[in-house]
2 protein chains.
Amino acid sequence: MSDNNQALKKAGLKITLPRVKILDILQQPGNQHVSAEDLYKILIEQGEEIGLATVYRVLNQFDDAGIVIRHHFEGGKSVFEISSQKHHDHLVCLRCGKVIEFSDDVIEQRQLDIAKSHGITLTNHSLYLYGHCDNANCADNA
Amino acid sequence: MSDNNQALKKAGLKITLPRVKILDILQQPGNQHVSAEDLYKILIEQGEEIGLATVYRVLNQFDDAGIVIRHHFEGGKSVFEISSQKHHDHLVCLRCGKVIEFSDDVIEQRQLDIAKSHGITLTNHSLYLYGHCDNANCADNA
DNA sequence: ATATGTGCAAAATGTTTGCATGGTA
DNA sequence: TACCATGCAAACATTTTGCACATAT
């Protein structure tokens with residue numbers, strides 16, 4: 001909790017209840033890749049008095065500060081994820097919705113080379129692999 | 001033009017003016033990666049009487065039929081592209097909006113290996129590299 | 001002739017902003 | 001105290017839908 005406050009301070013953001021709560025929720029294991037709406041519902045369920053607009057504002061500030069990463073998914077809405085220290089990409093099972101994080105140095109290097117060869121300086125990228133699990137119980141946690 | 005009609009028929013779509021016109025525009029070299037709004041404006045400029053809703057409907061039908069591919073770039077709106085036979089990924093300049101298509105066998109192979117090693121059979125993927133041009137005139141065609 | 005497609009306007013998202021109030025440093 | 005943050009409602013932007021009319025086969 002103290003490190004959270006630290007992170008907020010470093011970003012020049014005051015320590016307020018909405019921000020602390022949101023940061024807290026985003027760090028819980030089950031809440032990787034949540035939308036603003038998801039977050040809002042969780043907060044309401046927890047009895048917090050918060051507005052959806054505040055959730056959006058806080059998420060945007062966190063994005064600017066590099067505290068979260070915004071992903072653009074199919075379906076039009078953005079999902080957010082705590083930006084861990086190590087970059088990673090995503091492998092998504094289209095049947096059960098499972099999300100696996102991975103990181104591959106070969107791909108990373110190749111991306112840099114490709115961008116460079118086209119005269120572009122890379123700032124970021126998004127890579128999603130879509131498929132389906134081989135397990136029989138795949139669809140269970142859909 | 002005849003092949004276009006063919007493509008429409010194969011998708012079970014009647015040969016109508018809006019669909020033919022839209023397909024036509026999407027095939028012109030300068031119109032890779034256009035949004036629905038872009039398309040609508042082009043059609044209006046050409047003197048067509050068409051509604052924005054029709055553009056959206058036709059693009060969705062084309063997407064379902066595999067005639068176009070829908071991309072979710074940063075910025076919230078979808079852009080569409082004629083689905084060519086050869087797969088490729090995208091390099092996007094965030095300053096001037098230029099889109100470069102590329103394809104890399106090393107990355108493709110690596111993706112397959114990664115998916116397999118996680119017990120997932122890959123069906124498709126999306127890879128976007130974002131950055132900015134090194135050219136001085138980069139921002140000109142923003 | 002019949003089923004499908006179209007244009008328009010209204011509705012349905014997802015997200016941002018203006019403003020008065022409330023909380024933090 | 002001064003400034004930043006919040007909640008609410010209204011505004012916005014993009015995309016979808018309902019309906020009466022028009023068009024393709």
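Quick note on labels: first sequence line is chain A, next is B, and so on, each numbered from 1.
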[atom1] of [X] versus [atom2] of [N]: gap in Å, rounded?
| X | N | atom1 | atom2 | result |
| --- | --- | --- | --- | --- |
| Ile44(B) | dC8(C) | CD1 | P | 8 Å |
| Asp38(A) | dT13(C) | CG | C1' | 15 Å |
| Asp64(A) | dT15(C) | CG | P | 15 Å |
| Ile22(B) | dT6(C) | CD1 | C1' | 11 Å |
| Leu8(B) | dT6(C) | CG | P | 10 Å |
| Tyr40(A) | dT15(C) | OH | C1' | 14 Å |

Ser35(B) (side chain) donor-acceptor with Ser78(B) (main chain) under 3.5 angstrom: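 Checking the backbone N and O of Ser78(B) against the side chain of Ser35(B), no donor-acceptor pair under 3.5 Å is found.
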From the set dG5(C), dG18(C), dT15(C), return the single nucleotide nearest to any side-chain atom of Lys77(A).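 Nearest listed nucleotide: dT15(C).
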Applying side chain to side chain contact (heavy atoms under 4.5 Å, CB included) between Ile114(A) and each of Gln111(A), His118(A), Lys116(A), report the one that passes.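 So, applying the side chain to side chain contact (heavy atoms under 4.5 Å, CB included) to Ile114(A) and each of Gln111(A), His118(A), Lys116(A), only His118(A) qualifies.
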Who else is in the cluster with Val106(B) when I, L, V, M, F, W and Y are joined by side-chain contacts under 4.5 Å?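 Its cluster partners, ordered by chain and number, are Val106(A).
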Nucleotide range of DNA chain D contacted by chain A, 5' to 3', under 4.0 Å to a heavy atom?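 With heavy atoms of chain A under 4.0 Å away, the range is dC3(D) to dA9(D).
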Grab the two heavy atoms, one from Gly51(B) and one from Tyr40(B), that are nearest each other, plus how far apart they are.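 The answer is C-CE1, 3.8 Å.
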Heavy-atom pair of closest approach, residues Ile50(B) and Ile44(B):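 Smallest heavy-atom distance, with atoms named: O-CD1, 4.0 Å.
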Has the side chain of Arg70(A) got a donor or acceptor atom sitting under 3.5 Å from an opposite partner on the base of dG14(C)?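 There is none.
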For Ala36(B), which residues count as a side chain to side chain contact (heavy atoms under 4.5 Å, CB included) partner, sequence neighbours excluded?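 Per chain and number, Ala36(B) pairs via side chain to side chain contact (heavy atoms under 4.5 Å, CB included) with Val55(B), Tyr56(B), Leu59(B).
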Side chain to side chain contact (heavy atoms under 4.5 Å, CB included) with Asp89(A): which residues, sequence neighbours excluded?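 In terms of side chain to side chain contact (heavy atoms under 4.5 Å, CB included), with neighbours along the sequence ignored, Asp89(A) is linked to His87(A), Phe102(A), Glu108(A), His125(A), Leu127(A).
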Looking only at the side chains, is there a donor atom on one of [X] and [Y] sitting less than 3.5 Å from an acceptor on the other?
| X | Y | result |
| --- | --- | --- |
| Asp113(B) | Gln109(B) | yes |
| Gln32(B) | His90(B) | no |
| Asn4(B) | Gln27(B) | yes |
| Tyr128(B) | His71(B) | yes |

Short side-chain N/O contact from Ser78(A) to OP1 or OP2 of dG14(C), under 4.0 Å: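 Checking Ser78(A) against dG14(C): no side-chain N or O falls below 4.0 Å of OP1 or OP2.
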Reading DNA chain C from 5' onward, which residue's closest nucleotide shows up sooner: Arg57(A) or Ser35(A)?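 Closer to the 5' end of DNA chain C: Ser35(A).
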Counting any heavy atom closer than 4.0 Å, what does Arg19(B) reach on the DNA or RNA strands: base, sugar-phosphate only, or nothing?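 Result for Arg19(B) = sugar-phosphate.
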Sorted by number, the residues of residues 45-56 of chain A with heavy-atom contact under 4.0 Å to DNA chain D: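 Those residues whose heavy atoms fall under 4.0 Å from DNA chain D, taken from residues 45-56 of chain A in numerical order, are Glu49(A), Ile50(A), Gly51(A), Ala53(A), Thr54(A).
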What is the per-nucleotide protein-contact pattern of nucleotides 20-25 of chain C, from the 5' end, where B denotes a base atom under 4.0 Å from a protein heavy atom, S denotes such proximity for sugar-phosphate atoms only, and - denotes neither? ---BBS
